[in-house]
Amino acid sequence: MADQNTIIDGDAPETGITPGGTTGAFRDVLSKDHARRGKPPLHFADMTPEQRIETAKGLGMPKFRVKQLANHYYGRFDVNAAEFTDFPVAKRDEAAAAFFPELIHEVTRQVADDGATIKTLWRLFDGSHIESVLMRYPTRTTLCISSQVGCGMGCPFCATGKLGLTRNMSAGEILEQVRVAARMMRDGEVAGGPGRLSNIVFMGMGEPMGNYRSVLSAVRQISAMPPEGFGISARNITVSTVGVVPGIRKLAAEGIPVRLAVSLHAPSDELRDELVPMNKRFDTTQVLDAAHDYWLASKRRVSIEYALMRGINDQAEHARLLAKRLNHYGDDWAHVNPIPLNPIEGSRWTASKPEDEARFLEILHNAGITATLRDTRGQDIDGACGQLAAKTREAFERAK
């Protein structure tokens, strides 16, 4: 078993490989493109305050111009320096090139739920593709964002897992997903008219704990008030993990009140070994212990994500064992989100029967477990994360 104090992305987040990729019981599933990964251009969101000042100085601009750029980026969601009327005309192009290189480029959008759900496929600097999903509800608007290109966790029922891990994303690439979505809401591009982006969930492509440094930088900038960040409360940010224990423990020590979500999907080690290969490195006891410790440190109830799969993990005995495992800790520390599986094409993994979903919830409720069946958005499009990117890659391979 790996050292519990090992941080998953170590000192080199750009490598996109965990220590388990070369040693230990778990080995990352790598994309064939992994070997040609590179670093994205340095963006304003990636720079330290000192780097921003030095870059401005190199362009012959005084220090106060950096704050102007920050106001445009975080406060107005704007990177079009050609329209910065408070900026010298002669310096606008230089500032745009130095601070705001294009990191994500929209390839296509899929719209569902009468315009309330928008899934976007983005192309990155190296030709890789990622996805984000913007979902508007009556009382909130949530953006689901990606943190890695592909994913190395290898969960067999997941479209992203089939892609393998290409590389980690930079903080700038992560934050650009947020900036564009915030601008879309402000400008009324989502059904329901102008509004505000209120919630961020790191539940898109990738394992956030495998890209800890960039994810944490993004969390800090999402939650800081303008002109240091986008001003979305940390309490409205959820960071998901398949159970990377060192990352959970490190996040607990940060003292940032984000919500932790653990993709458990099975109540026993025998079953979870099949569904979530990372379980061979950090088993259910280690994962649940770390998640409960996160609750003790943050006083924020942990979300237990549980994709219901027909005849595999959705029977009464699974619900009873899950309730027993959670109630072992003796306090109301977890909220279970049973999720109707959004199946990927041609997969043997499929959604549970409605009566099994209802029975699963009933057993949890009778055991005193708070549980809510997750609303599934985007069923009339390539809703499962990674489906759109996978189809795009398949089409590209066929065209070669």
Any Thr120 side-chain heavy atom under 4.5 Å of Glu131 side chain
no
Side chains of Leu165 and Gln148: does their closest heavy-atom pair fall under 4.5 Å?
yes
Go through the side-chain N and O atoms of [X] and [Y] and say whether any donor and acceptor fall under 3.5 Å apart.
X: Gln68; Y: Tyr73; result: no
X: Asn80; Y: His72; result: no
X: Gln51; Y: Thr55; result: no
X: Arg325; Y: Thr284; result: yes
X: Glu305; Y: Asn337; result: yes

What's the verdict on side chain to side chain contact (heavy atoms under 4.5 Å, CB included) for Thr117 and Leu134, showing C-alpha distance, side-chain angles and the deciding distance?
CA-CA 6 Å; Thr117 300; Leu134 185 57; over 6 Å; no
Using the rule given for ring-ring contact (aromatic ring centres under 6.0 Å, His included), can you reason through Phe100 versus His43, listing the C-alpha separation, both sets of side-chain angles and the distance that settles it, and then say yes or no?
CA-CA 6 Å; Phe100 301 126; His43 187 276; 5.7 Å; yes
May I have the step-by-step check of side chain to side chain contact (heavy atoms under 4.5 Å, CB included) for Phe202 and Val258, ending in yes or no?
CA-CA 11 Å; Phe202 284 82; Val258 299; over 6 Å; no
Could [X] and [Y] be called an ion pair, given the rule that one side-chain N must be under 4.0 Å from one carboxylate O?
X: Glu50; Y: Lys57; answer: no
X: Arg136; Y: Asp113; answer: no
X: Arg310; Y: Glu357; answer: no
X: Asp332; Y: Arg301; answer: yes
X: Arg109; Y: Glu189; answer: yes

Straight-line distance of Glu270 CD to Asn279 CG, nearest 0.5 Å
11.5 Å
I need the Leu260 CG to Ile237 CD1 distance, nearest 0.5 Å.
13.5 Å
Answer yes or no for Arg52 and Phe44: cation-pi contact, defined as NZ/CZ to six-membered ring centre under 6.0 Å and angle to ring axis within 45°.
yes
Could you check whether Arg186 makes a cation-pi contact with Phe77, meaning its NZ or CZ is under 6.0 Å from the centre of the six-membered ring and within 45° of the ring axis?
no
Count I, L, V, M, F, W, Y as connected when their side-chain heavy atoms are under 4.5 Å apart, and connections chain through other members. Are Trp122 and Leu143 then in the same cluster?
yes
Check for me whether the distance between the ring centres of Tyr306 and His318 falls short of 6.0 Å.
no
Please evaluate residues Asp78 and Arg179 with respect to the criterion side chain to side chain contact (heavy atoms under 4.5 Å, CB included), reporting the C-alpha separation (whole Å), side-chain torsions for both, the decisive distance (0.1 Å), and the verdict.
CA-CA 8 Å; Asp78 193 5; Arg179 180 189 66 82; 5.7 Å; no
Met278 and Glu207: side chain to side chain contact (heavy atoms under 4.5 Å, CB included), yes or no, with the steps?
CA-CA 11 Å; Met278 178 59 80; Glu207 164 56 56; over 6 Å; no
